There are 2 protein chains.
Amino acid sequence: MNPAIGAAAAERPAAMAGHEVLAVVLQIRDDRLSVLLWRRARPPFEDRWVLPGGRLGDREGLGESVRRQLAQKVDVRDLTHLEQLETRGEPDRHPYGRMLATAYLGLVPADIDPVIPCDTHWHPASDLPPMGFDHAAMVHSGRRRLRAKLSYTNVGFALAPPEFTMSQLSRYYRAALGHDVAATNLRRVLLRRGQIEETGESVPSGRSGGRPAALFRFRTRRLEITDAFAVLRPPPEG
Amino acid sequence: MNPAIGAAAAERPAAMAGHEVLAVVLQIRDDRLSVLLWRRARPPFEDRWVLPGGRLGDREGLGESVRRQLAQKVDVRDLTHLEQLETRGEPDRHPYGRMLATAYLGLVPADIDPVIPCDTHWHPASDLPPMGFDHAAMVHSGRRRLRAKLSYTNVGFALAPPEFTMSQLSRYYRAALGHDVAATNLRRVLLRRGQIEETGESVPSGRSGGRPAALFRFRTRRLEITDAFAVLRPPPEG
DNA sequence: CCAAAAGTGTTAATGCTACACCCATGC
DNA sequence: GCATGGGTGTAGCATTAACACTTTTGG
């Protein structure tokens, strides 16, 4: 274990070892996939950006801990989805001693704007600021996971507001996937898979005219795998 | 020598807190997907079956620790693939105190028969014996992960020997996926994706006759995603 | 010659993208 | 009317499962 360096070590005396939970909180903001980061005020990695999170409490589970810390520290309570990403435990990942970290992916729908403390900010996930520890790698894991799941699950529900038009939804997909997504085909894919349904309502057109857009909603707001077995699928029943 | 926390913990339960790594080691044996389990000789969960593993050492990383424990404790050194599955940290998952566990998925090719201690056995993954802790859930995670990855990556390499005939390979896939897989189509799918290639050699037919089978090998024996973006794929270059 | 196992050709179905076209609205 | 954005129809493409058929071997 690293010998303590200067004053900072005084805060965390000899036996620093433990487990922390971290959250890659993603949201589509202004048509960009963004991640919530917190600016460190002290060493190590002073002034670098890190993921929100903190030590696992003695009596709490991992997911529970992430939710608590997000609520307490950055006032994020509106996660529509939370799943475990990965655990990192390289002995030298924390300069002051042994510290394991379990990262979660959390998603916030686009219609919410959580009140966050002044030392936390949303950053475009494709243009991260200088980050501390191994947190940048975790953000990349989160992005990859989200991208993958958008194509075989209904995670879209976690990025979108409860009701939305297809052109809105296609913008969310575009932001999350990083490439163009045609609203017209997205509609058919998601309808075919039974992920979304029409609410029956529609949104009046803006001042520039245009046909009113139908409103849709996700049929369920819990994660489901809708497109398993793209290939090597099991033979039909019987 | 105890995979999970043994007697030492029982003697001083108060001080028990820490992190262990566990391995879901899978192999196709006799055309069945099998998992390596270890029979506990003492409480808690005496006589139940558990995953091999043990405490994370002070100076080792998680993956490193799994490899060490598998080599030392069950003499498994021939993993062709190892990846992290999940970390469980419910406060009550271990009756004697707080213990986090990170589970890995390890794969052993079908042509190897590791020498394992007498208290460990291979069990069919579809018919697990009574298991201790939350280890049965971890085995299920491992199976699901393997099944999923067989359809969009080249993990097959980790189940198969270096060279194989297509009917052998289809048996491995059948065992892992749990449903029929036609050798003829499997061949075309894997060739098209560039996962496998012919070695040029072939295997003489058995005493019952039949055309000699061509030998194949995986082009690479490292994990690659060969079929990303089944849907919502990015538009062509430009 | 016949049975057995491997390998090829072909068809039909699926599910997607792209694009042309039609619809409803504001001005 | 006409510009604007939404929605539908349709053609083409890629990929795969199923199955008939051919090839190569042992007895």
Side-chain angles (χ1 to χ4, degrees), chain A residues 31 150-153 163-174 177 179-216 225-238, chain B residues 150-153 156 163-174 177 179-216 225-238:
Chain A
D31 289 341
L150 277 173
S151 78
Y152 70 93
T153 71
E163 305 197 337
F164 48 83
T165 66
M166 286 314 299
S167 57
Q168 276 171 43
L169 191 65
S170 72
R171 282 204 306 278
Y172 302 144
Y173 273 71
R174 195 169 306 137
L177 293 173
H179 63 73
D180 202 50
V181 175
T184 180
N185 288 328
L186 183 63
R187 171 205 192 96
R188 276 191 276 230
V189 169
L190 299 187
L191 279 172
R192 163 190 278 276
R193 296 184 173 178
Q195 285 191 28
I196 59 173
E197 63 189 3
E198 279 189 81
T199 65
E201 314 270 303
S202 64
V203 163
S205 46
R207 48 183 78 76
S208 64
R211 177 168 168 173
L215 279 175
F216 289 80
I225 293 175
T226 58
D227 199 42
F229 302 115
V231 311
L232 302 179
R233 57 172 157 280
E237 274 312 292
Chain B
L150 277 174
S151 77
Y152 70 93
T153 71
E163 305 196 336
F164 47 83
T165 66
M166 286 313 300
S167 58
Q168 275 172 43
L169 191 65
S170 72
R171 282 205 305 280
Y172 303 144
Y173 272 73
R174 196 168 305 136
L177 292 173
H179 63 75
D180 201 50
V181 176
T184 179
N185 289 329
L186 183 63
R187 171 204 192 97
R188 278 192 275 230
V189 169
L190 299 187
L191 279 173
R192 162 187 278 277
R193 296 184 173 179
Q195 286 191 27
I196 61 174
E197 62 189 4
E198 277 189 82
T199 65
E201 315 269 304
S202 63
V203 162
S205 46
R207 50 183 78 75
S208 62
R211 178 169 169 172
L215 281 174
F216 290 80
I225 292 175
T226 58
D227 198 42
F229 302 119
V231 311
L232 303 181
R233 57 173 157 277
E237 274 312 292

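So that the names make sense, note that chain A is the first sequence line, chain B the second, and so on, each numbered from 1. Quick caveat, the model's predicted, so the values are computed rather than measured.
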Any donor-acceptor N/O pair, A:T153 side chain to A:I225 backbone, under 3.5 Å | no
Just how far, in rounded Å, is C1' of D:dA17 from CG of B:L190?
-> 14 Å
For A:G210 and for A:M166, locate the closest nucleotide of DNA chain D by heavy-atom distance; then report the residue assigned to the nucleotide nearer the 5' terminus.
-> A:G210
Is A:A182 touching bases, backbone alone, or none of the nucleic acid, heavy atoms closer than 4.0 Å?
-> nothing
Does the base of D:dT8 carry an N or O that pairs as donor and acceptor with the side chain of A:T184 under 3.5 Å?
-> yes
Cut-off 3.5 Å, side chains only: do A:T199 and A:E163 have a donor facing an acceptor?
-> no
A:R193 side-chain N/O to C:dT14 phosphate OP1/OP2 under 4.0 Å = no
B:R174 (side chain) donor-acceptor with B:V181 (main chain) under 3.5 angstrom | yes
Taking only the side-chain heavy atoms of B:R188 (C-beta and beyond), determine which of C:dT10, D:dG27, C:dG26 contains the nearest atom.
-> C:dT10
Would you please confirm or rule out a distance under 4.0 Å between OP1 or OP2 of C:dT8 and any side-chain N or O of B:R187?
-> yes
Which one, C:dT17, C:dC27, C:dT25, comes nearest to the side chain of A:V189?
-> C:dT17
Residue pair A:S208/A:R192 against DNA chain C: nearer the 5' end by closest nucleotide is A:R192
